[in-house]
Amino acid sequence: MKTNLLFTMLLSVFISPNSFAKSSTHLDAHVHGLSELTVILEDKTLDIELRSPAVNLVGFEYKATSEQEISLVKQAELLLKQHDALFVLPNGQCELKKQNIDISNIVSNKDTHAEHEHEHEHEHEHEHEHAEASHSDVIAHYQFRCAKPLALSQVTVKLFEAFPGIQQVNAMWITATQQNSKTLTANNQIIDLQ
Ligand SMILES: [Zn+2]
């Protein structure tokens, strides 16, 4: 959670409210089938943050209780940890420094039941009408250190193969020379950094 907060702060420093007004509302959106990816390259540090409706990754958005649900969550977590299968980073000599997979929204952390479940524990607000069917996101944050950041030509995003539930990824990226966004699909997986 701490890294996510930092990341948001970092973002707000980089993104002036005017120029990126549209994209920043994007960041808070929760649309099934759609995931959000933010890529920031600053000096040698490459931050990649994936925010996805849980349903895209495990097929549901409540706290896993059955054995099958729990194993789906574990499987998704394992896949998300395989950063080099999800993100191909050519030429930059990038090495993972840390990663944080936040699946807390779909993991049952207490044995107690529904009534006092902290449904609104997560900071971002959803604008959904039905109070009963809650939506939840999974957030994965990866930080790399790139020995040759200027040589990093692209980020190939291979989330679609790992998670068929992800149909589109709204990608936004910021480097020293670029501030851009694009919708990625299974047939269009490349963020061009140069
Ligand atoms: Zn949802």
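Counting starts at 1 for both ligands and their atoms, in listed order. Scope of the values below: all heavy atoms of this structure, side chains included, with no hydrogens, waters or symmetry mates.
Listed by first and then second residue, the disulfide (SG to SG under 2.5 Å) pairs that reach into residues 144-194 are Cys94-Cys146, sequence neighbours excluded.
The NE2 atom of His30, the Zn ion (ligand 1) and the OE1 atom of Glu61 define an angle of 100° (nearest 10 degrees).
Considering Phe87, Trp173, Tyr142, Phe144 as possible partners of Leu46, the one that fulfils the side-chain contact (heavy atoms from CB on, under 4.5 Å) test is Phe144.
Sorting the N, O or S atoms of His135 by how far they are from the Zn ion (ligand 1) puts ND1 first. Restricting His32 to its N/O/S atoms, the shortest distance to the Zn ion (ligand 1) is reached by NE2.
Relative ring orientation between His135 and His30 is described as perpendicular, the plane-to-plane angle rising above 60° on a 0-90° scale split at 30° and 60°.
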Under 3.5 Å, which donor-acceptor pairs link side chains of residues 186-194 to any protein atom two or more places apart or in another chain?
residue : atom : partner : partner atom : Å
Asn188  : OD1  : Lys182  : NZ           : 3.3
Gln189  : NE2  : Glu161  : OE2          : 3.0
Gln189  : NE2  : Ala186  : O            : 3.0
Gln194  : NE2  : Leu150  : O            : 2.5
Gln194  : NE2  : Leu152  : O            : 3.4

